[in-house]
Amino acid sequence: MSALSAWFWNERFWLPQNVTWADLADTESGEQYPRAGHLLYAFPTALGIFAFRLLFERFLAKPCALRLGLQGKGPRKAQPNAILEKVFISITKCPDGKHLEGLSKQLDWDARKIQRWFRQRRNQDKPSLVTKFSESMWRFLFYLYIFSYGVWFLWTAPWFWDTRQCWYNYPYQPLTLALYYYYIQELAFYWSLMFSQFTDIKRKDFLIMFVHHLATVGLISFSYVNNMVRVGTLVMCLHDASDFLLEAAKMANYAKYQRLCDGFFMMFGLMFVTTRLVVYPTWILNTTMFESWELIGPYPSWWLFNGLLLILQVLHVIWSYLIMRIAYRSLTKGKVGDV
């Protein structure tokens, strides 16, 4: 294990030339630098966030949803039937003509009645509008809070106004308490999303979002360990700038405020495309790839970090295309629909 640990934490991979982990130990003056062990505090914080979310959804979000007139009960449940339930779970949720014929003979039901049962059974698994609204309201609250915290923190940070400050005297950049809280809150939230995704509303993009959350956790942790936290805060704040608008659009959609939904979604699309396709490459990639090359030079983890950021840019292009497709459909059909 010691050999494996020494290989994984190889200084020549993680740190620039002539820098060791001992150089980043706590100083006598009380200055601290990021350490991998700090990230462990994200786990109890994630549990706390998850517990707070449960209380928020039950005592605040749900009453708000009911007050807006959303239905608290889900769709009508299908009539209990052991044979059809077994087919639904083990074979198919949408029986074809052959299955319908066999089930019709076995149960002495006509095909239309069996189709109606399967339709009700599929709808039975769908969450109620109150559940959807509550989940979106929680995410809206957190995304708005963490974006506001990021703007408040970065407004007085010198690297927000001059990105070259991200690399001056790197990696000897002390960790401040506000910066540490920013990182732990972001990391804990995405850990909580990974845990709760198995109990949240099951969506078609479940696997994609799981990989997204895993990649986000990896990038946040990676940038913290090798003390690229200054540019890391810029990346986090930039990506938080549009998320709360999407959740606002979802809430408006569930509450049947269509014009409000369309307006929020258009603002989300504009913010997303602007931050991901314009600001991200000209602000973030410019400093991580070119300014850092000039000031500190490349080293192994530098190449990996920039490689991950470039992959993220490819995902930005794909997601922007999908968002613009939805926006186009909204303009042609007059509404966004289910976001």
Side-chain angles (χ1 to χ4, degrees), residues 1-2 4-6 8-11 13-15 19-57 138-139 141-154 156-157 159-160 166 170-200 209-240 243 301 304-305 308:
M1 290 299 295
S2 60
L4 179 62
S5 177
F8 183 82
W9 295 111
N10 189 304
E11 294 165 341
F13 171 79
W14 289 98
L15 302 173
V19 180
T20 67
W21 293 118
D23 296 331
L24 299 177
D26 297 345
T27 65
E28 294 181 358
S29 60
E31 290 183 338
Q32 282 192 332
Y33 299 103
R35 290 184 179 181
H38 295 167
L39 300 177
L40 295 176
Y41 292 101
F43 292 105
T45 307
L47 292 176
I49 289 175
F50 184 67
F52 179 79
R53 172 191 171 175
L54 295 178
L55 295 174
F56 174 83
E57 290 186 355
W138 158 249
R139 295 193 183 202
L141 176 75
F142 187 87
Y143 287 138
L144 182 60
Y145 158 74
I146 201 64
F147 175 64
S148 301
Y149 183 93
V151 171
W152 168 81
F153 168 73
L154 287 171
T156 56
W159 59 89
F160 182 70
C166 292
Y170 176 84
Y172 304 106
Q173 299 169 342
L175 179 69
T176 65
L177 199 59
L179 194 156
Y180 171 74
Y181 286 154
Y182 191 16
Y183 253 79
I184 291 299
Q185 287 179 102
E186 283 274 7
L187 185 59
F189 177 70
Y190 281 101
W191 273 122
S192 73
L193 286 183
M194 288 185 64
F195 300 149
S196 65
Q197 195 173 15
F198 296 95
T199 58
D200 282 346
M209 292 310 298
F210 182 79
V211 173
H212 170 268
H213 297 334
L214 188 63
T216 302
V217 166
L219 265 173
I220 293 174
S221 303
F222 183 86
S223 65
Y224 188 86
V225 169
N226 66 355
N227 202 16
M228 289 186 176
V229 289
R230 290 188 176 184
V231 73
T233 57
L234 300 179
V235 175
M236 292 190 300
C237 188
L238 186 70
H239 283 78
D240 291 334
D243 290 340
S301 68
L304 178 58
F305 185 62
L308 294 173

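Computation of the quantities below employed the complete heavy-atom set of this structure, encompassing side-chain atoms and omitting hydrogens, waters and symmetry-equivalent molecules. Source: prediction; values computed, not measured.
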Over all atoms of both residues, closest heavy-atom pair of [X] and [Y]:
X	Y	answer
Ala42	Ala188	O-CB, 3.4 Å
Gln173	Asn227	O-ND2, 3.3 Å
Tyr183	Ser223	OH-OG, 2.8 Å
Ile49	Gln185	CD1-O, 4.3 Å

Answer yes or no: is there a donor N or O on one side and an acceptor on the other, between the side chain of [X] and the main chain of [Y], under 3.5 Å?
X	Y	result
Glu11	Trp21	yes
Trp159	Arg230	yes
Asp243	Tyr143	no
Ser192	Phe189	yes
Trp14	Phe8	yes

Just wondering, do [Y] and [X] contact through their side chains at under 4.5 Å, heavy atoms?
X	Y	result
Cys237	Phe153	no
Leu214	Tyr190	no
Tyr145	Leu141	no
Leu47	Phe43	no
Ser221	Leu187	yes
Val225	Leu39	yes
Glu186	Asp240	yes
Tyr170	Val231	no

Working to the nearest 0.5 angstrom, can you tell me the gap between [X] [atom1] and [Y] [atom2]?
X	Y	atom1	atom2	value
Phe305	Leu308	CZ	CG	8.0 Å
Phe147	Met236	CZ	CE	13.0 Å
Leu238	Leu154	CG	CG	10.5 Å
Ile184	Tyr224	CD1	OH	6.0 Å
Leu179	Thr233	CG	OG1	6.0 Å
Met228	Cys166	CE	SG	10.0 Å

Next item on the list: Let me see the working for Arg139 and Leu193 under side chain to side chain contact (heavy atoms under 4.5 Å, CB included), right down to the final yes or no.
Entry: CA-CA 10 Å; Arg139 295 193 183 202; Leu193 286 183; 3.9 Å; yes

Check: Is it true that the side chains of Tyr180 and His38 contain a donor and an acceptor less than 3.5 Å apart?
Finding: no

Notebook entry, point to check: Ser196 and Arg53: side-chain donor and acceptor closer than 3.5 Å?
Noted result: yes

For the residue pair [X] and [Y], does the interplanar ring angle fall in the parallel (under 30°), tilted (30 to 60°) or perpendicular (over 60°) class?
X	Y	answer
Phe222	Phe13	perpendicular
Tyr149	Trp152	tilted
Trp138	Phe142	tilted
Tyr172	Tyr33	perpendicular

